Trainee: 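The structure that follows is given in the form of structure tokens.
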Amino acid sequence: MAERTLTFVQAINEALHQAMERDPTVVVIGEDVAGGGGRAAQGIEDAWGGIMGATRGLIGRFGAARVIDTPISEAGFIGMAVGAAATGLRPVAELMFMDFLGVCLDPLLNQAAKLRYMFGGKARVPLVVRTLIGAGLRSAAQHSQSLHAFTTAIPGLKTVVPSNPHDAKGLLLAAIADDDPVVFCEPKTLYFTTGEVPAEPYTVPLGTAAVVRPGGAVTIWAVGRMVAVALAAAETLAAEGVEAEVVDVRSLSPLDEATLLASLARTGHLVVVDEAPPRCGLAADLAALAVDRGFDLLRGPVKRVTAPHAPVPFSPVLEDAYVPSPAQVVAAAHAALET
Amino acid sequence: MAERTLTFVQAINEALHQAMERDPTVVVIGEDVAGGGGRAAQGIEDAWGGIMGATRGLIGRFGAARVIDTPISEAGFIGMAVGAAATGLRPVAELMFMDFLGVCLDPLLNQAAKLRYMFGGKARVPLVVRTLIGAGLRSAAQHSQSLHAFTTAIPGLKTVVPSNPHDAKGLLLAAIADDDPVVFCEPKTLYFTTGEVPAEPYTVPLGTAAVVRPGGAVTIWAVGRMVAVALAAAETLAAEGVEAEVVDVRSLSPLDEATLLASLARTGHLVVVDEAPPRCGLAADLAALAVDRGFDLLRGPVKRVTAPHAPVPFSPVLEDAYVPSPAQVVAAAHAALET
Amino acid sequence: MSLPRARLLDGYRTMRTIRAFEQTLNELSLAGRVPGFLHLCAGEEAVAAGVCAHLGPADAVASTHRGHGHAIAKGVDLDAMMAELFGRRDGICHGKGGSMHVADTEKGMLGANGIVGGGIPLAVGAALSAKVLRTGGVAVAFFGDGAANQGLFHESLNLAAVLALPVVFVLENNGYGEATPVEYHARVRDLAVRAAGYGMPGAVVDGMDFFAVHAAAGEAILRARRGEGPTLLECKTYRYFGHYVGDPLTYRPKDEAERMRAERDPLDLFERRVVAEGWLATGDLRRVDDEVAAAVAAAVRHAEASPPPDPADLMRDVYVDYPRPPES
Amino acid sequence: MSLPRARLLDGYRTMRTIRAFEQTLNELSLAGRVPGFLHLCAGEEAVAAGVCAHLGPADAVASTHRGHGHAIAKGVDLDAMMAELFGRRDGICHGKGGSMHVADTEKGMLGANGIVGGGIPLAVGAALSAKVLRTGGVAVAFFGDGAANQGLFHESLNLAAVLALPVVFVLENNGYGEATPVEYHARVRDLAVRAAGYGMPGAVVDGMDFFAVHAAAGEAILRARRGEGPTLLECKTYRYFGHYVGDPLTYRPKDEAERMRAERDPLDLFERRVVAEGWLATGDLRRVDDEVAAAVAAAVRHAEASPPPDPADLMRDVYVDYPRPPES
Ligand SMILES: Cc1ncc(C[n+]2csc(CCOP(=O)(O)OP(=O)(O)O)c2C)c(N)n1
Ligand SMILES: Cc1ncc(C[n+]2csc(CCOP(=O)(O)OP(=O)(O)O)c2C)c(N)n1
Ligand SMILES: [Mg+2]
Ligand SMILES: [Mg+2]
């Protein structure tokens, strides 16, 4: 088949179309996922299609019964989505920015994640919550957070973070088909990056990491937008004669420990790169995995590259200093190799 | 001075009395912190004094203007406390169970933690949120969580977890005197344990860990209720001839890395014990610290003992299996020492 | 307005079962024979019975921490429920949920809920399913006066109104949220007035009167089934026991509960009415009482005979499917 | 009802400053000279100006993502504000906050807020401080029609009513929350009716009319100052620009904004009234226009001349005091 290039957001959009096409129980719920409040009469139904166009065209194709604009009531509509998931639908809810978890944690933490367990296995909650993460758009402290560790920490939820258009489509289709609640984090600065995306529906299974660059000297585990940062660092390192192996973690929960540790076994040195601040984050989680199950493989310290322990600043110079850079990853690789 | 023994909850209650006595800007806010809706006229003002009595007697002494019963509106009253803290008061808000963070994360995540930074240093938010954590009371999945890693992860917040009555009083007085927002986690199963508590006001500074049992063979970092579990394990290990050093982390953010790493330097072997599930939790965070800054000190894998990746079950046999036990800590110490 | 004899007996049986269940649990809990905390709903039977009389298994209810009555009225098996409260393997949730999470999705019971207000959006979601899947079903959210001050209440009601969903919001106003009287926690006499803020009908009903609840709920549920949208029904009721078993009850006048029991007891009111009207005879009711007493006693025996869960099942049912959970 | 000449000029100056500030920013942003996203409030000037005319520095306001107008009306320095929007060192927040977090606690401006509804409880907290510390101050929460569907709105209003706090809730109903019209997101004509659910007075005001806002806000603020509790004031208003700069505005009729500008513009209405009544002369207003234009131009020059923040300040002001932050 001929190559076909889509942007990240087009890949998401295509996955939503295909999932809704194949399964009439899939519904899309969120603020302005159509836009204009579904005012078909005035011909302005699909005024927005999501703030960055991810849900564009859905209402025209599938109608207002399945593409549901909501009031600004995240706890209400995500809670509704949980209830709907437990009673026969497969809702895909859009939480515009993951920062807004602040106003709607309960339906995820205490309901979606726990219903099945609390009910002794009698419930299924096939819910997907799509949400934007990451800094870089000069949107300051309340619109730039990467809170994927919060949902990874919650037993009963699954969490994925695609790093490219191909995985975005495949992981989203897998998430929608999954019978458990999945938090699907979309790094917003990747939205208009492009990549090859097959036209037919396909899935990237949850619980699989991917080696995106082979190398024998040092392993770099990275997630989301940080995969590209790790790859850029690997280029610099290669120029120095240090071949880094880059692994895209991509499925945070379930975690593909085998692929991660196999890479560590090949290199013995490890850098973990994550866009969130350091405390109790994914980088710490993965470093802990390394030092527990992978201790015998380690020939040096595990170095983490993360955002600092601070809110995301607005000013471009500060924000640029905030987000982990290839240079920081290179330095960390040096430190990891130093022992 | 003669020894004086109080329960954990009495120590909290005494700290609240002393803080309110000394500083008229300290106010206590929460559901039934007095109880009976402050119905002084009917002589039933202090009907509850908090669900477990931590705030008992305050309304009688300081009046309804400073001891404020609220509706069941956690986001509202914790948000109110944030606004009050930014405008001259030192509120101590009670979030009955930390599980309820689900309905009130925003005022902590996006407001209290970030106001000062977003405002370029122009605000102070001297807020304390007291909250119960932990399993053990057969209260099932929504009343038993230990979510201290969630607030530890948030830059701008401080988080402490006392493990005994002495520290409960001293850390609470330090938290109330502190100019930053502090989440004060109270392990509910410790509430009626007793310990020596000086009568006069004193503080245990935030950012200090405590070596609670010296030993040279293996270090155990533990927090909250797990300190006692670690100490029990240390007894068993001592009987085997293995002297464990137990460090009570107690201040999760800021973290006393120096004291923690100094102990690791003495023993070279490490077990981390935490009551929360494993993913992106405090145990992972501390293990990551060890393998980064303490790698050269490590002579074996860092073993974590945590709750499993599951919600807290109701049934006593399951809940007992859920909570980390001294036997698990002993086994982890053996594994940590094996290399 | 009368009801067929069988419906009357059903209503009475439901209320009597709830009463007997709760009284038995109060004793068992005080005697230390049931683990954890219990929130009992004795006194509030007419609400659960009057509302659920209109519901079938395709209809859903979402409940609260005080959820035994709703579960019983929705047809959850008594034996399995009692075993759950004992934390046993044969419990309806295999011992994982306990009192605060009694649930049976097959019966349309979406669970008691430990989060005040937490069940409300779940009911809205069940209503969305009914609407999208055209099942003809409706959903009911039960919640307390205290829950009406949660943001989840507000968002759920507005959302249901905006989407015109088939859901009925049943506010059980028992006068208190924990120790706090409703007169303190809200500055309105009737919380039902909040419905107007969502453009939704609201009504106040005597929640001690089975017939009043039955009539009002019937109307609201019919509206919902017809696709005419949600309703808020405030049922004024009362809990006889404390907030939880063991509550010292320092916050309410000593004689308040006695007065309610004497004057407004939902079972007494029901009995007086049906006997006065000649719809049922006292003997009919006593027969039900006996059957219920036997059933509850049998449920306790069943629960006590049930083995505890297998600790090996600790990690079961966290997910439908999860490749190897992390070690800890 | 007239106002002293100085107050009239102040009110006009505030509105004109907001208008000029927002129009300038629209151009700067479209030209790519300001980083990030901007939510402009042109068209809504009468609300900020009419309300804040009653407030002093001891009074607090909490604002929204669309907060420039509130900040200006509350007296935040124009130069420092503009520098903030440019992300510069001399910004009122030293470049850390930007448009969505413009704040000046010394002026009682508790911040724009990126969380819809997020500022409402902060204002309630400022009111609590005023009450406990007996400062005589009041607090005002500004928020939009969309925010009225957030749980934070509900909880805050009820809490303020229960505690009888000196706070005024100013609902700026501009007809849309993002692309969603209020007719879709709520099933009531006036959101002010929600006040009744909290036992609080609610009023609907023409938010394009400075005098109407001024009068209604004056009354509500006086009530608050007298200890008589909170009020909900719904101001019907309109935003001229899109939700954010760059919004294609596909969701509203093409001529809607033009019609509003032509018929209901708050500055025009003000001018017509004061001139017709003979309170001010057109020349007075043109003089203010010129002064404002100069001030805004100066603010832009100041902002552009200000250096960017020092990257070394990245970790500053996370805490008042924190022993060694974790390395990363
Ligand atoms: C979000 C949340 N806040 C607080 C609690 C603690 N709590 C449990 S029941 C209850 C009172 C609920 O009052 P109401 O809604 O009137 O129900 P009732 O107990 O009277 O049936 C409270 C505060 C909780 N479980 N969840
Ligand atoms: C909790 C939350 N949800 C969603 C958003 C995204 N958002 C920003 S502004 C806005 C619309 C707000 O509408 P309204 O309250 O009417 O204010 P307006 O923009 O009209 O001034 C939305 C949905 C947000 N910032 N916060
Ligand atoms: Mg109640
Ligand atoms: Mg609006």
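Residue numbers begin at 1 in each chain, while the letters A, B, ... track the order of the sequences. The model shown is predicted, which means the values in this text are computed figures rather than measured ones.
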Trainee: So which of C:D313, C:L165, C:L128 has the biggest tally of heavy-atom pairs under 4.5 Å with chain A?
Mentor: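 If we count pairs closer than 4.5 Å to chain A, C:L128 comes out on top.
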Trainee: Is there any residue in residues 70-79 of chain A with a non-hydrogen atom under 4.5 Å from a non-hydrogen atom of chain C, and which ones are they?
Mentor: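 Within residues 70-79 of chain A, the residues under 4.5 Å from chain C are A:T70, A:P71, A:S73, A:E74, A:A75, A:G76, A:F77, A:G79.
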Trainee: About how many Å separate CE of C:M109 and CZ of A:F119, when rounded to the nearest 0.5 Å?
Mentor: 7.5 Å
Trainee: So which of C:V132, C:N113, C:V320 has the largest heavy-atom pair count under 4.5 angstrom toward chain A?
Mentor: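 Highest number of heavy-atom pairs under 4.5 Å: C:V320.
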Trainee: Quick check on A:L157 against chain C: is it the side chain, the backbone, both or neither that has a heavy atom closer than 4.5 Å?
Mentor: backbone
Trainee: Chain A contacts: which residues in residues 139-158 of chain C have a non-hydrogen atom closer than 4.5 Å to it?
Mentor: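 The residues closer than 4.5 Å to chain A, in numerical order, are C:L152, C:E155, C:N158.
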Trainee: Report the C-alpha distance between A:Y117 and C:R316 in whole Å, list the side-chain angles of each, state the deciding distance to 0.1 Å, and finish with yes or no for side chain to side chain contact (heavy atoms under 4.5 Å, CB included).
Mentor: CA-CA 8 Å; A:Y117 191 78; C:R316 207 175 137 176; over 6 Å; no
Trainee: For the CG atom of C:D321 and the CZ atom of A:R124, what is their distance to the nearest 0.5 Å?
Mentor: 9.5 Å
Trainee: Any chance you could measure C:Y319, atom OH, to A:R116, atom CZ, to the nearest 0.5 Å?
Mentor: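 Those atoms lie 12.0 Å apart.
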Trainee: Could you tell me which portion of A:V27 (side chain, backbone, both or neither) has an atom closer than 4.5 angstrom to a non-hydrogen atom of chain C?
Mentor: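 Answer is side chain: those atoms of A:V27 sit under 4.5 Å from chain C.
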Trainee: Any side-chain to backbone donor/acceptor pair from C:T105 onto A:A123? Under 3.5 Å, distance only.
Mentor: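 Absent.
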Trainee: Determine the option with the most heavy-atom pairs under 4.5 angstrom with chain A, choosing from C:L163, C:L110, C:L159.
Mentor: C:L159
Trainee: Under 3.5 Å, sequence neighbours excluded: what are the donor-acceptor pairs made by side chains of residues 80-87 of chain C?
Mentor:
| from | atom 1 | to | atom 2 | distance (Å) |
| --- | --- | --- | --- | --- |
| C:E84 | OE1 | C:I92 | N | 3.3 |
| C:E84 | OE1 | C:C93 | N | 2.7 |
| C:E84 | OE1 | C:H94 | N | 3.2 |
| C:E84 | OE1 | C:G95 | N | 2.9 |
| C:E84 | OE2 | C:G95 | N | 3.4 |
| C:E84 | OE2 | C:K96 | N | 3.4 |
| C:E84 | OE2 | C:G97 | N | 2.9 |
| C:E84 | OE2 | C:G98 | N | 2.7 |

Trainee: Under a 4.5 Å heavy-atom cut-off, does chain C meet the side chain of A:K114, its backbone, both or neither?
Mentor: neither
Trainee: So for C:V318, is it side chain, backbone, both, or neither that comes closer than 4.5 Å to the heavy atoms of chain A?
Mentor: both
Trainee: Identify, with sequence neighbours excluded, every residue that meets side-chain hydrogen bond (donor to acceptor under 3.5 Å, both in side chains) alongside C:E234.
Mentor: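 side-chain hydrogen bond (donor to acceptor under 3.5 Å, both in side chains) check on C:E234 returns C:N173, C:K236.
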Trainee: What part of A:D179 gets within 4.5 angstrom of chain C, counting heavy atoms only: side chain, backbone, both, or neither?
Mentor: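 Contact with chain C is through both the backbone and side chain of A:D179.
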Trainee: Which one of C:S129, C:G111, C:G91 has the most heavy-atom pairs closer than 4.5 Å to chain A?
Mentor: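 Heavy-atom pairs under 4.5 Å are most numerous for C:S129.
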Trainee: Measuring only between side-chain heavy atoms, which start at C-beta, is C:I115 closer than 4.5 Å to A:Q111?
Mentor: yes
